[in-house]
Amino acid sequence: MDVNENKGVWLIDPVHTKIRFETKYLMITSVSGWFTQFEGTVTTPTNDFNNSDIRLTVYTASLYTGNQERDNHLRSPDFFNTKQFPTLTFRSTVIKVADKKVNVIGDLRIKNITETIRFDAAFIGCVRDPIGNLKAGFEISLTLNRKDFDISWNQFFDKAGVLVSDEVKIFCDVQLLKAS
């Protein structure tokens, strides 16, 4: 592969990318969900994704947990308030690559609140798909506190218990498609 082949603009492939979230329910089991609609780009001036620029938009109404009642509650003002805040966005500010580890710092905006977050991504590699498109793969996991983004609804029960954990784990399997 030409060392300059990775330079340029990459599109987040929504067909082969998954953005999943997970939190504890009743503090004893995990509940998972996915965002099914999103778009984004990674623009890189180097062949190893160092100093790249990531821009991601996730459409909050596209969340899916497998339970319509729960999905509607998560879309309500108690949580994402998808009518008032139809998107959440991420924009990187610093990206440093060391071997297959990518350290990312950037601004995450949810419900009109922007927080700087840091996470590591694992670079899985680059390959050509069966029709010749250049693809790159990454795996990401991070943990956020939902209260940092004014997602604070909860119910208390049994004197000390809460219905939903403040901690939310995010898992992303990202496949990029090199733009031609």
Side-chain angles (χ1 to χ4, degrees), residues 1-24 30-60 62-63 79-80 85 87-129 133-152 164-180:
M1 181 180 308
D2 179 354
V3 294
N4 292 318
E5 205 167 26
N6 294 348
K7 291 182 183 179
V9 177
W10 296 76
L11 306 174
I12 295 174
D13 182 348
V15 174
H16 299 104
T17 297
K18 303 238 180 325
I19 301 174
R20 181 171 67 90
F21 56 90
E22 181 178 285
T23 192
K24 291 287 187 198
S30 294
V31 174
S32 296
W34 296 262
F35 290 102
T36 62
Q37 294 179 352
F38 47 85
E39 59 191 357
T41 59
V42 176
T43 304
T44 183
T46 65
N47 65 334
D48 65 357
F49 294 95
N50 203 36
N51 299 313
S52 294
D53 177 52
I54 301 170
R55 295 177 189 227
L56 171 68
T57 300
V58 176
Y59 298 94
T60 54
S62 76
L63 69 85
F79 288 93
F80 284 102
F85 304 106
T87 62
L88 64 85
T89 59
F90 176 78
R91 170 118 192 246
S92 65
T93 55
V94 177
I95 296 182
K96 297 295 179 199
V97 177
D99 193 26
K100 296 228 178 230
K101 181 179 173 185
V102 183
N103 181 265
V104 180
I105 301 171
D107 295 325
L108 177 62
R109 184 175 187 85
I110 301 174
K111 289 180 66 173
N112 250 3
I113 297 171
T114 302
E115 291 285 333
T116 299
I117 63 170
R118 300 169 185 262
F119 60 89
D120 289 328
F123 174 57
I124 306 305
C126 285
V127 297
R128 289 211 175 268
D129 69 12
N133 296 311
L134 186 60
K135 300 283 190 97
F138 297 85
E139 291 178 345
I140 301 164
S141 64
L142 65 140
T143 302
L144 301 172
N145 185 322
R146 64 189 181 93
K147 286 184 175 180
D148 291 345
F149 298 96
D150 192 30
I151 301 174
S152 56
V164 182
S165 172
D166 293 338
E167 185 177 272
V168 179
K169 296 177 183 177
I170 311 293
F171 303 97
C172 305
D173 293 308
V174 179
Q175 190 173 109
L176 301 178
L177 167 66
K178 180 74 183 285
S180 23

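No hydrogens, no waters, no symmetry mates; every other heavy atom, side chains included, goes into these values. Residue indices begin at 1 and follow the sequence shown.
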Atom pair NZ (Lys24) and CG (Asp166), whose distance is rounded to the nearest 0.5 Å: 14.0 Å

In the structure I gave you, are the side-chain heavy atoms of Ile95 and Asn51 within less than 4.5 Å of one another anywhere? no

Distance, nearest 0.5 Å, that separates OG of Ser141 from CD1 of Ile170: 10.0 Å

Apply side chain to side chain contact (heavy atoms under 4.5 Å, CB included) to the pair Thr60 and Thr87, showing each step before the final yes or no. CA-CA 5 Å; Thr60 54; Thr87 62; 5.7 Å; no

For the OG1 atom of Thr57 and the CD atom of Gln37, what is their distance to the nearest 0.5 Å? 12.5 Å

Enter the distance from Glu167:CD to Lys147:NZ here, rounded to the nearest 0.5 Å. 13.0 Å

Among all residues two or more places apart in sequence or in another chain, which pass the side chain to side chain contact (heavy atoms under 4.5 Å, CB included) test with Asn50? Thr46, Asp48, Lys96, Val97

Taking the inter-plane angle between the rings of Phe80 and Phe35 on a 0 to 90° scale, is it parallel (under 30°), tilted (30 to 60°) or perpendicular (over 60°)? perpendicular

Where Lys7 and Lys178 come nearest, the two heavy atoms and their spacing: O-NZ, 2.6 Å

All N/O donor-acceptor pairs, side-chain side in residues 103-111, below 3.5 Å, sequence neighbours left out:
unit_1	atom_1	unit_2	atom_2	d
Asn103	ND2	Asp120	OD1	3.0
Asp107	OD1	Thr116	OG1	2.9
Arg109	NH1	Thr114	OG1	2.7
Arg109	NH2	Asn112	OD1	2.7
Lys111	NZ	Phe79	O	3.0
Lys111	NZ	Asp150	O	2.9

How many angstroms lie between atom OG1 of Thr41 and atom CD1 of Ile54, to the nearest 0.5 angstrom? 9.0 Å

pair Ile19-Phe171: side-chain heavy atoms closer than 4.5 Å: no

Phe38 side chain reached by Ser62 side chain, heavy atoms, under 4.5 Å: no

Answer yes or no: is there a side-chain heavy-atom contact under 4.5 Å between Asp13 and Leu11? no

Arg146 side chain to Ile151 main-chain N or O, any donor-acceptor pair under 3.5 Å? yes

I'd like to check Val31 versus Glu22 (side-chain heavy atoms, cut-off strictly below 4.5 Å). Are they in contact? no

Measure up the Phe49 and Phe138 rings against each other and bin them: parallel (under 30°), tilted (30 to 60°), perpendicular (over 60°). perpendicular

Here the pair of heavy atoms bringing Leu142 nearest to Ile117 is CD1-CD1, 4.0 Å

In terms of heavy-atom contacts, Cys126 and Ala136 come closest through SG-CB, 3.7 Å

Between Phe119 and Phe90, does the ring centre distance come in under 6.0 Å? yes

Rounded at 0.5 Å granularity, tell me how far CD in Glu39 sits from OG1 in Thr17. 12.5 Å

May I ask you to test the Phe21-Lys169 pair for a side-chain heavy-atom distance under 4.5 Å? no

Applying salt bridge (charged side-chain N to carboxylate O under 4.0 Å, His left out) to Asp173 and not counting sequence neighbours gives none

Side-chain heavy atoms of Leu56 within contact of Ile12, under 4.5 Å: yes

Hey, are the side chains of Phe123 and Lys101 touching, using non-hydrogen atoms and a 4.5 Å cut-off? no

